[in-house]
Every structure is written in structure tokens, then in C-alpha cells.
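First the structure, in the form of C-alpha cells, and then the observations on it.
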Amino acid sequence: MSGLPSGIKADVSASTCDAFSTDSDTRSGFSPRAVLYPQTLEDLRKIVRWANDTRTPLVPVSSTGPRRRGDTVPRVKEAVVVDVSGMNRLVHADNRDRIAIIEAGVDFGSIDDLLRPHALRAFRPLMPRSGKSVIASYLDREPIINADVHWDPADPFGGTAIISGGGELTLNGSAALEGTLREQLERGHRHMVTFGPGNVDLTRVVQGSQGSLGIMGWAAVYCERLPQVEQSIFLCSDTLAPVLSAMREAVHRRICTIAFVTDAVQLAMLLGLGLEVAEKLPAWTFCATLAGYVHAPERKVAWQRADLETIAARHGTSVTTGVLEVSANDLAEKLRQSGPVCYRDLCLGAHKELFFLHPISSVGQMIETQQEHLARGVLHGRPVGTYIQPLAQGTFAHVERIMPHAPDADVESGWRALAETSLIAGAFFSRPHGVSRDLAFVRDDGSAARMISAAKTLLDPHNLMNPNRFVVQEAK
Amino acid sequence: MARNNAKHRMVLSPQARTELETILGARYVTDDPALLSGYAWNTGVGKIPGGDKFVPIWPIAVVLPATTEEVAAVIKCCKRHGLSFRPHSTGYGSMGCVTSPDSICIDLRRMNHLEILPEDRMAVIGPYATANQLQAEARKHGLTCHVVGAGPAHSPLASATSLIGVGITSQFTSANMRNMLAWEWVTPEGEIIRGGSAASGMGWYASDGPGPGTRGLLRGFFGGGGGIGVFTRIGIKLFPINHQGKMETLGQVPQLRSPLPPNTALLHAIFPGYDAQRSATFDLLQDDVCTVLLRMPPNHVGWTLTESNAEFVRRTRDGTLPEPARPENGASWTILIASRSAAEHQWRHDTVREIVARHGGRFATMTPEEEGVLYHNLATSQYVPRVLRASGGITTSFGVLDSFHFLPKAVEMGEMMLAKDTAPGGDLCEGNPDEQWIWPHEGRYMWAENIIHFDATNEASRAAGARALIGHFAAQWKDPVGMTGLLVGPIQDVTGPRIGKAPAFARKVKTYFDKDDRSKTKEYVIPNMPPVVEKILPAFRPVFSSAPVLHILSKMVGKNGT
């Protein structure tokens, strides 16, 4: 490596660099040579061009705090980490169009404070930790909990600015306009469109790439208006089927905004009540939030509540505004707060996660298969939570199994066995992380490998961005 | 190799024919001119046609594969024999015609798979499942599909994978580039590739992964337009509606109408001006109040509500057109509210009425028959054939995708482009000063496209159409009204930095998958353009948009077509 790019803050201390050689569930990485701290899009471009000139591998990171899943741990020697967490400005926000432009370092701990003066708030995944970058979360297709506005996996992105691995600045979607960003905003453009322009959609390509194709500098992101009236309720049942079918109907009709299903273990974790109370909670709960934003909000929420109760009755679920001493509204409030530590680690200090996509119509069978496996395997008796998030307005679901455990517990092989059973049962690991990093490609007919190779060649021809991140695209 | 015949058309070599017949069976391979003529019909829809009934380039043969494997085998056969190819699904307009004399046409009509998965509100379709068929099947389950502006005869697979994908109900049915789920594609080299969950044999529901959303290499706002292989199957999202079963139809063609289901209202709001309409729109988009919002130019409403051109002309002259069709009522929304419960409907209805009133608007009076005709056309997207009726020649431009902030400006620029030639005595079809069709997407942003009507049999009118078409690009280069969606093919390269690096990346994609340019089209980037040309082309924008060059280009297009 021939030095570092000039004018960019860098840290080459062993303590800083070594911290990137592992994360909470990845032990096998390399220590980077340096960590760079760009402050602007131009800094980013300069770094990537320097990397191309010197053939230096780059690993982008935008979140702060505890890291996991391995996507920010270098898998090659001599890499340089590009830490964009300092690019944390709200560039613009517009209440009328419900959109904001944020830099890659804006995190869930700060975004709602930034947006509040504009009477907006961010669409969030399920209880992100405070240091998690909003853009990193959306880039990883981490599902948002607002099922009604999740039209497509690209949501909630609008236009974006990406530096490709080849060092080119690409303005994507409706951000592809003449003039500076400031000039565009002054003309009235709001970068509300994510696809395109023309015949390619580079935002979609970079989504899910885990830093292996380019670095996003800023993005327009859809936001939610602050509601005037908000009401949350639980639809509960002893079995999954009624809850799932009630959720599906409600989501298909778009009569609630937050919509997801949990089992008792997962609900206990979300409520922060401790695993021991799980047995006192409903076996399955559909958590729904109704929101009235502008127009006669009380009336809107009233008819939505009435319709939701009709749906609940039709599918045989009970309706309640709280469980134990905690109300559904309390949970909705908790979902908007971000602590420094992942909620999944609060119970026992560590956790295993397994997530995948599945058609909602057969999620019940999948859970049944997993439960049968758990009942007869080495994880028998351990608490394993379930979170089911409808995506694309209820076309399919993100299914997540979470097992809290003590940090020193030996659960690796048992968890992998569960993942393998899930794969056989039809789990589609669209985001290859952790235990699914290799399993995601086991059933690939060769297409995914071929297309990832194409994307790598076209966007990152020298294979500098997070090399070896995918098992099907090893660094040469 | 193909060879030239006496009329200078290339013909299929015996060896290539034998191979194609071995792949498909003799019944599904033809070079009979009588049949080929059906694939060279110069309708010009979406383009400016020349004066001839047929396009100048005919396919050298037409083949009809039935499976993805057969498509792959045909493409490999083309490669072996130095042939190019062009996929053809439902053949809407002349965009399915081949564009090079060495091309065969791959007619996909035998690939009409259609499977509804109602619980997951999606379908799995092949290229020849039409929107009409898909909608009819979906309605049995209380669902509908997105129907693009081309109308119910189009192929949803083609619009999702290969062309545009926007349509008048995008407020609640999004657009097909976002409705596409898993996909199957035969590359220009004949390789079969699947995307999303289909690549792992797990069904057709998930569009992206494992890992990157590589579909974005093949489809942006536009698809490859037949220039990047053949798409053979996709999953596609469907949308719940408030009525299950067959749509009741009354009346006779062309004035078919449908009664509104319970808890449904069709309103036509008229505003005092476009600023007021814009303000109202920002309110109408909150809280998901409206199911559909559509602004049609008044004359287009008139063409829909009258039985014939003669009736439209007569009623225009004697001043008896319905209110929504009168030229002074251009600042308007046709609003559909479709609810499930009475309480929901009452809230929506009251809210819409309050918003319209607050912004100085009012509601047009319509007869139940007029309301039924508009509802029928809105639900089935039959508007295009209705609007084509006026002149037979139609193309479109702008395609503004941005905030509704730009609504008044879009209309103003639409007028600037058309008013002179749509006025009485002008060279275009007489009509509104602007011809902007406008609607929202997903409750957020605006789509606006300015329709250009010309007399396809008249060279001066075709030239005026071309002048307007190119003029729109020139106007956008000078003063952008939001992102320009409708930049098909080579115009992207002239536009240059206006659309970022998209053409350059698309060219890389084309070269990567199709270095010999076997998958030929004019609706994709120019292949193999030297970087220096790529760099300097945008510098010629002032030349292309200068009055003399515009005049010459228009004349040329008017004479020979695009």
C-alpha cells in the first residue's frame, strides 16, 4: 500500500484497527491497515479512486457501536476501513412530500430528532440500536415495520448518490439531474423516485451487496408524517394461523401502518419484560398500529379500529389493548426508541438470529417444521422467539427466529442445524449473513452466482469493495 | 447464415431452418411472407410511423417457442448462424418489430402461463398472458393487476421487464417495474438465468437476492426493450380491490360502462387553476384518502364520453359536452374512492369533498351513464384505444417523475410544446393546449406525460408530431421539469449528465451479456459506442435543439418514421 489518501482523517492505531478484525458473531477476520473518516461525498470519491490506483481493498462501515453479521470485518489482508459515520447531516427535509435527504452516517438514535422540526419521522426496522445507520439498514433490506408503505424491497429509498467500486459517482433514480444538490432542491426536485434513470437501477443493485459494490454517500428516504392520532392494539391467539390470516387481511387492506406478528418469547423481548414472563403472554400476537395523520384523524382511526375488530372476529382472534401491565401503545412507543445495545442481547447477553423470506401463505408450515426440529434437537428447551414481518404489502414475509443465550453458550452447531432444516423447508436466505452466508447459495441454480459476478465486474472491476463478502465471489 | 433474396430481404438458410425446426417442430417456424407481414405492420403507436403501411425491415423468419428451454435453444441457434433476434410478446404497437435485416422474430404467444396465488396476492405469468386475462382471473379473488397505459392487451411481463410500466391507477397499483417479483431470463447468449427466490427453486415471490438486487442491471425506469435477451416468466404483485368477481358491464361498444360497486364513488373535481389543483393534491395524497387520481385533458375525457368523433365534434360546436370535457376545465382530477366498509367510505368521501372545497374546487355534474363509462375505462385502462380514436396517430413525451410541486409547470410546458399545433388550423390533431395525463404514484410523486396526436396519413402532421416529440426533449434539456422518464434509446446518450451515468452503465451491461449485439432493438442504449463519442454527444444538445436542425429532423422523421 502506498500511503493513504491525503486530506482525509485516518487512524492507524492498533487499538482502532484491531477492533475491526472481529465482531460479536465473527471471529475470523483480518485487522485493517487503517480506518479512514471521510466527511463529504468528494472525500468518498477520492478514497475509492485512491483505492483503485493502489489496488487497496476497502470495507465501508457507517454504523457505530457493537457490530455483528461480519459485513464490516475485512476478509482480506491490507484492507482499509472507510468509516462514514461522521457524514451524519440531514441535508434536507420536506413535510409536504414526506421525504428527507440524509447522509450515510445518520443513525436511528438521532434521525427522529433531526426530522421532528419538519413534523416527520423515519420508517424503522424492529427496534434498531441507536448507532445503526439508517442508510445501512435500508441498504441491507432490513425490513421496516410499516407494512402498508412497503411496496417493494427498494423502499424507503428515493434517489441516491453512490460511489461505485470503480470510483464513479452515480446519481440514481430522480437524483440524476443537472446541477448541484442545492440547485436541484431549489428548483423543487425532491428525488422521490428510486428506480432508474434509464435502463439501470444501481440503487437496487447495491442494496443487499453488503458493501461489496460501492458506497452510498447520501440518499433521499421516504418518511412518515407525525400522526395526530395513533392507536395500537394486539390481536391474539393460542395458535399462529388465526393471527397470521388476520394480519394478512389487514395488511392487504392497508388499514394499519405498523403490522407484524410475534410469539410470546419475541414479545417478551420487545416489551423488555424478561423471558420468564413469556409463558404468561399470548402464544401469538399480531401487533397493529393505526394512524391518522392529517384528515379527520379520529374518524380515520375509529373506522380502522372497527374494521380491524371485524377482521379479528372473522379469523377467531381476540382483541386487546395490552398484555400484563403493558399496553400496545407502550410497545409502539418502545419501537420508536433506540438503545445502544441490540434488544435481543438484553435478556441473556448474546443471541443467535436466523432470518429469511417466505410466502405468507405457508409461513405456518415453516414454523411448524422449525418447532418440530427444535423440539427434538440440541436446542430443545431453549427460548427461541419468532418475528414475522409482512413485506411488499403482504406479498411475502420476513421470518426471523431469535434465540437469546449466554455469551459462553455452545449453540453454534444447533443453530446451524436449524438453519439447514429451514433451508430444506424452503427458507429463502435473501440476505446472506451469519449462518446463512453459505447456505443462501446452496440451492442456487447458478443464477445468483452468475449475476453477482456480473455486478462485481461492472461496478467493482478490481474487486476492491469488501472482497470475499459472498462465498460465490471470492477475491482473486 | 441468412442470405439475401431478390427483393433484398435476407432469407433463412436451409441449415438454420432445419435446426430451428428440430428445436421447435416445423409447425412453429415460418418465413412465409403472408405471415411475416403480420410482424411488420406499421401502427406507429408510441412512435411516429412513416407513410407506408409496412415497416421497411421485416423479420427473416418467425419462430414460436413454447418453453424457456426452447427460447434458449433458438437463441443459441441464432448465434451459431450469425442471426439476430427480437422477442415479441403481445405485439402492442410497432415496438415489437425487428430492427435489423438479419433478425428473426421470437413470438412468445405460446408462453401464456397464468397462475394466481390469491393468498399471497401475486401471480406467476409468461410473456403472452395479457393484462386483460390477468385482471379477469385476479378479479375472481378480489384482486386486480396494474394495467399500464397501453391498455388491457399489453403483456404485464413485457412492461415489468422490458419497457415502462406506469399506468393510470398507479396511485394504488404502483408501476410494473416495482410490481415485478422473481424473474426468469434468457440471456443474449442463450443462458437461462433466474432471479430472486426463483433462482433457488423456491417460488416466484421475492425479487432480490441472495445478496445484491441484480435485477437492477437489467431494468431501471426502462427495461431493455428487447435489447438484452428474452424474459420468459415472472412473479407479479396483485392488488386487493373492493369487489370480487366479474366486472358487470352495461351498454354497447364503444360506450361500455360499469356500475359502481358498493362503497365506491367516482368524482370529478374541477379547480380554479393549476396552483389550486397542486395545493389540493398535496392534501389528497395524505392519509391514503383516494384510490385513484387521474387528470386527463378535457378533450380526452370528451373522446371517452362520446360515441364517435362526429358526436364529439358536434357537441364541441354546440357546447353540450359534459363539464369534465370542456376546455376551460383542464385543472381537474377524476377521483375514485373504493372502500370496504360504510364508515371507511364515509370518511373518505367527506374528506375528499372537504379538501376540494377548501382549495376552491367544485365537483362536475355527470349522468350515471357518464360516470359508469369513466369508471369502466378507469378500472380496465381502456383509455388508450379511446384516445387513439381521434386521429390514429399517437406518441407521448416528457414523463415527468417528481414532486407535485411541478404540476403547474408541467402543464405550462405541455402547452408550450403543443398549443400552436393543436389549435384550429395547426398540424396536429385539434385538441387541448396541453395534453398532459397526470397521476400520482403510491401516494407520493407525480407522473405527467404529454400526449401528441397526429394524423398518421399526413406527412405534415407526422412532421409536426416529430417536432413536438423532439421539442419536448429540448425543452427538458433547457429547463428540467423533474426527472424525465421517457428517454428511450439513443436520446439518453444525447441527454448525457441529465440522467447521470445510466446510459454508460447500461452499455456496459449490454456489452457484458451481448458483446455481438444479437439481441437487437432501438429501444435500448446504442451498443459499442466509443467512449469519446459517449463523452462528446451531450455537447451537441444545443445543435439538436436549434430551430433549423429541429425542423430538418422533424421533416425526416415525418417522411420516414422512427
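The analysis underlying the following values was restricted to heavy atoms, covering all of them including side chains, and did not include hydrogens, waters or symmetry mates. Model, not experiment: these values are computed from the prediction. Residue numbers begin at 1 in each chain, while the letters A, B, ... track the order of the sequences.
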Under 4.5 Å from a heavy atom of chain A, the part of [X] involved:
{"X": "S197(B)", "result": "both"}
{"X": "R219(B)", "result": "backbone"}
{"X": "L117(B)", "result": "neither"}
{"X": "N179(B)", "result": "neither"}
{"X": "S174(B)", "result": "both"}
{"X": "K508(B)", "result": "both"}

Is there a side-chain contact between [X] and [Y], using heavy atoms and a 4.5 Å cut-off?
{"X": "M451(A)", "Y": "I193(B)", "result": "yes"}
{"X": "P197(A)", "Y": "F222(B)", "result": "no"}
{"X": "L285(B)", "Y": "R98(A)", "result": "yes"}
{"X": "R96(A)", "Y": "H405(B)", "result": "yes"}
{"X": "F195(A)", "Y": "M177(B)", "result": "yes"}
{"X": "F239(B)", "Y": "H252(A)", "result": "no"}
{"X": "P212(B)", "Y": "F470(A)", "result": "yes"}
{"X": "R450(A)", "Y": "E191(B)", "result": "yes"}

Taking atom [atom1] of [X] and atom [atom2] of [Y], what is their separation to the nearest 0.5 Å?
{"X": "L202(A)", "Y": "K501(B)", "atom1": "CG", "atom2": "NZ", "answer": "10.5 Å"}
{"X": "Q286(B)", "Y": "H295(A)", "atom1": "CD", "atom2": "NE2", "answer": "6.0 Å"}
{"X": "R194(B)", "Y": "D445(A)", "atom1": "CZ", "atom2": "CG", "answer": "5.0 Å"}
{"X": "M122(B)", "Y": "F396(A)", "atom1": "CE", "atom2": "CZ", "answer": "9.5 Å"}
{"X": "S164(A)", "Y": "F505(B)", "atom1": "OG", "atom2": "CZ", "answer": "4.5 Å"}
{"X": "S339(B)", "Y": "I255(A)", "atom1": "OG", "atom2": "CD1", "answer": "12.0 Å"}

Smallest separation among heavy atoms of [X] and [Y], with atom names:
{"X": "P432(A)", "Y": "G211(B)", "answer": "CD-N, 3.4 Å"}
{"X": "Y512(B)", "Y": "L458(A)", "answer": "CB-CD2, 4.0 Å"}
{"X": "S200(B)", "Y": "A440(A)", "answer": "OG-O, 4.3 Å"}
{"X": "D307(A)", "Y": "S341(B)", "answer": "OD2-OG, 2.9 Å"}
{"X": "G196(B)", "Y": "F428(A)", "answer": "C-CZ, 3.5 Å"}
{"X": "R141(A)", "Y": "G213(B)", "answer": "NH1-N, 3.8 Å"}

Practice problem: For the pair E119(B) and S245(A), evaluate side-chain contact (heavy atoms from CB on, under 4.5 Å) and give the outcome as yes or no after the intermediate values. | Solution: CA-CA 9 Å; E119(B) 292 192 359; S245(A) 53; over 6 Å; no
Quiz item: Okay, side chain of N199(A), backbone of G220(B): is any donor-acceptor separation there less than 3.5 Å?
Solution: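 No; zero donor-acceptor contacts below 3.5 Å.
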Exercise. Please confirm whether the backbone N or O of W151(A) pairs with a side-chain atom of K237(B), one donor and one acceptor, at under 3.5 Å?
Key: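 Yes; judged by distance alone, with no hydrogens or angles, the pair exists.
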Exercise. Quick one: do D201(A) and R215(B) satisfy salt bridge (Lys or Arg N to Asp or Glu O under 4.0 Å)? Show the steps, please.
Key: CA-CA 8 Å; D201(A) 182 351; R215(B) 192 192 93 182; 5.3 Å; no
Practice problem: Report yes or no: do T395(A) and D120(B) form a side-chain donor-acceptor pair below 3.5 Å? | Solution: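 Per modelled atom types, T395(A) and D120(B) side chains form no pair under 3.5 Å.
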Exercise. Classify the side-chain pair D402(B)/S174(A) by whether it contains a donor and acceptor separated by less than 3.5 Å.
Key: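 Looking only at side-chain atoms, S174(A) and D402(B) do not form any donor-acceptor pair under 3.5 Å.
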Quiz item: Should the pair Y205(B) and H358(A) be assigned to parallel (<30°), tilted (30 to 60°) or perpendicular (>60°) ring geometry?
Solution: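 Rings of Y205(B) and H358(A): perpendicular, as their planes differ by over 60°.
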SB check [X] [Y] (cutoff 4.0 Å):
{"X": "E178(A)", "Y": "K478(B)", "result": "no"}
{"X": "R254(A)", "Y": "D288(B)", "result": "yes"}
{"X": "R187(A)", "Y": "D479(B)", "result": "no"}

Quiz item: Among R248(A), Q207(A), K300(A), which has the most heavy-atom pairs under 4.5 Å with chain B?
Solution: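 The candidate making the most pairs under 4.5 Å is K300(A).
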Quiz item: So which of A448(A), S436(A), G426(A) has the largest heavy-atom pair count under 4.5 angstrom toward chain B?
Solution: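 Looking at each of A448(A), S436(A), G426(A) in turn, G426(A) comes out on top.
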If you tally heavy-atom pairs under 4.5 Å against chain A, which of [options] wins?
{"options": "T351(B), D208(B), L218(B), L143(B)", "answer": "D208(B)"}
{"options": "M202(B), Q346(B), R340(B)", "answer": "M202(B)"}
{"options": "I355(B), L181(B), V525(B)", "answer": "I355(B)"}
{"options": "T214(B), D287(B), N242(B), L217(B)", "answer": "D287(B)"}
{"options": "G225(B), G216(B), G209(B)", "answer": "G216(B)"}
{"options": "W347(B), F221(B), F406(B)", "answer": "W347(B)"}

Checking heavy atoms, do the side chain of [X], its backbone, both or neither come under 4.5 Å from chain B?
{"X": "Q210(A)", "value": "neither"}
{"X": "T194(A)", "value": "side chain"}
{"X": "A291(A)", "value": "backbone"}
{"X": "T457(A)", "value": "side chain"}
{"X": "A427(A)", "value": "backbone"}
{"X": "Q393(A)", "value": "both"}
{"X": "V206(A)", "value": "neither"}
{"X": "L139(A)", "value": "neither"}

Exercise. Just do the side-chain contact (heavy atoms from CB on, under 4.5 Å) check on S403(B) and H189(A) with the steps written out, would you?
Key: CA-CA 7 Å; S403(B) 166; H189(A) 302 297; over 6 Å; no
Exercise. Please say whether the positively charged group of R190(A), taken as NZ for Lys or CZ for Arg, lies over the ring of Y445(B), i.e. under 6.0 angstrom from the six-membered ring centre and within 45 degrees of the axis.
Key: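 Not flagged: R190(A) not positioned over aromatic ring of Y445(B).
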